[in-house]
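Have a look at the structure below before the remarks.
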Amino acid sequence: AEDGIRGVERSGGRGDGYKRQANEMSKLFCLLPYFLPFHLSILKSNHSHSSISALQKQNCLLNASPKSCFSSQQLSLIRHSPRVLNGHLMAADVTRTVKYNLTSLARGIAGLNIERKMGKKPVLGCVLVGNNPDSHHYVKLKKKACLNAELDYKGYVLPESTTQHELEAVIKDMNHNKLVSGIMVQFPLPQHLDSKRILELINAEKDVDGLHPYNVSRLASDDLEPIFIPCAAKAVVFMIQKCLPKIKGKKAVIIGDSALIGRPTANLLRRMKANVLVCKENAKKIHLHTSNADIVVVDVRTPKFLDGKLIKPGAVVIDAGMNVLRDPGVLSKRRVVGDIDFESVLRQASYVSPVPGGAGPLTIAMLVENTFLAWKRTLLKQNSVQFNIEQINIRSQLLLG
């Protein structure tokens, strides 16, 4: 294709049809490594880079940003590569499993004298305080996911001026409400509220976010089992297992030690006998660790923090970060990106999770799954009934065992 382009140039501009055809061939060829299995893609990478260079000289990539060698159309194609982990499809699979198991359980208890106060299906109680637009968006997504799995949803939308006492009263009410299976509070809360106190107040058996100190401490222990696994960490490890069924002995590097993702993900991988190293964002010489890691998880809230040159060829990279970039010229225009340089990382890694469309949707699906598990656990505990149904198998709950 490059030879064709040069030939047309030498011809003094004649043969525009051949030139367009050569350009299209080059564009397709430079995308090829992203759709091949990793061990084949590396054979094409050097050649494709030279094709990209030729295309840039001919200005054949429309709408390409100065920092990208691909157009927006090409990036859209790349995101459909089998090496890009599709969080939406995984989330839909988890939701379907919850829905199926809920139907099976309901069929199994039909005709039994189950206490009506338990409710016929799980209920997620969600508390939202304030006017943060992102928080409102996430809550809508969680409500939609619950309804798709045929769970019920009970929302509490409180004003920005809500006091600590008023918020605690709502939490206590849900703790004592037998119809509410799981409780989650959308963070961040307004600054005048004590988030730590609110987390401690939630009943640990309804803490479907998995952030109560009881669940956090048990997850960090080698001998104790948590009631719930934190949703984000559960989603990250679920994605890793899709790529690496055998995690034991693998070297994992977690960049970012947040209580929401970094630490619980590290604890989960340690339970699965992986060799785990947690690095803070400002740690020196991170590349010395990432360049030898089989698994890299990034959650530092910094765009393009991790470049493909810093990872081991064939590694599994999970981008758990989220950054909102706004167009200086158009304040209403914004886009969401992760913490990795997606193009360069995909050239090196065997599998990559994108942002958006990666760990985010799957995290919400895990919240739905935890809510179902909370309802099932309470149902069995309060009624002490042996149900004549097939043992329910929630796949990602097997993470610990």
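Quick note: residue numbers are just sequence positions, from 1.
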Flag, side chain of Asp152 to backbone of Pro122, donor-acceptor distance under 3.5 Å
no
Looking only at the side chains, is there a donor atom on one of Asn370 and Lys234 sitting less than 3.5 Å from an acceptor on the other?
yes
With distance as the sole test, does His192 use its side chain to make a donor-acceptor pair with the main-chain N or O of Thr162 at under 3.5 Å?
yes
Distance, nearest 0.5 Å, that separates CG of Leu151 from NZ of Lys142
14.5 Å
Within a strict 4.5 Å, meaning less than it, do heavy atoms of the Val236 and Leu268 side chains meet?
no
Is the backbone N or O of Val352 less than 3.5 Å from a side-chain atom of Asp319, with the two atoms forming a donor-acceptor pair by type?
no
Hey, is the main chain of Pro190 close enough, under 3.5 Å, to the side chain of Glu160 for a donor-acceptor pair?
no
Any heavy-atom pair between the side chains of Phe187 and Leu260 that's under 4.5 Å?
no
Exercise: identify the closest heavy-atom pair between Val94 and Ala365:
CG1-O, 3.9 Å
Is a side-chain donor or acceptor of Asp93 paired with a backbone partner of Leu89 at a separation under 3.5 angstrom?
no
To the nearest 0.5 Å, atom CD1 of Ile255 lies from atom CD1 of Ile261 at 13.0 Å
Verdict with supporting geometry, Asp294 and Val316, side chain to side chain contact (heavy atoms under 4.5 Å, CB included)
CA-CA 6 Å; Asp294 304 297; Val316 174; over 6 Å; no
Working to the nearest 0.5 Å, report the span between CG of Leu224 and OG of Ser217.
7.5 Å
Classify the side-chain pair Ser258/Asp299 by whether it contains a donor and acceptor separated by less than 3.5 Å.
yes
Any donor-acceptor pair under 3.5 Å linking the side chain of Asn101 with the backbone of Thr97?
yes
Between Asp341 (side chain only) and Lys304 (backbone N and O only), is there a donor and an acceptor less than 3.5 Å apart?
no
Taking the side chain from Arg218 and the backbone from Ile227, do they hold a donor-acceptor pair closer than 3.5 Å?
no
Working for salt bridge (charged side-chain N to carboxylate O under 4.0 Å, His left out), residues Arg197 and Glu168
CA-CA 9 Å; Arg197 168 63 182 159; Glu168 290 183 7; 3.4 Å; yes
Closer than 3.5 angstrom, by distance alone: can the side chain of Asp207 be matched with the main-chain N or O of His212 as a donor-acceptor pair?
yes
Given side chains that start at C-beta, do those of Arg377 and Glu205 come closer than 4.5 Å, heavy atoms only?
no
Side chains of Val185 and Ile202: closer than 4.5 Å at any heavy-atom pair?
yes
Given 3.5 Å as the limit, does a donor-acceptor pair link the side chain of Lys206 with the main chain of Ala374, or not?
no
Report yes if some heavy atom in the side chain of Ser344 is under 4.5 Å from a heavy atom in the side chain of Lys309; otherwise report no.
no
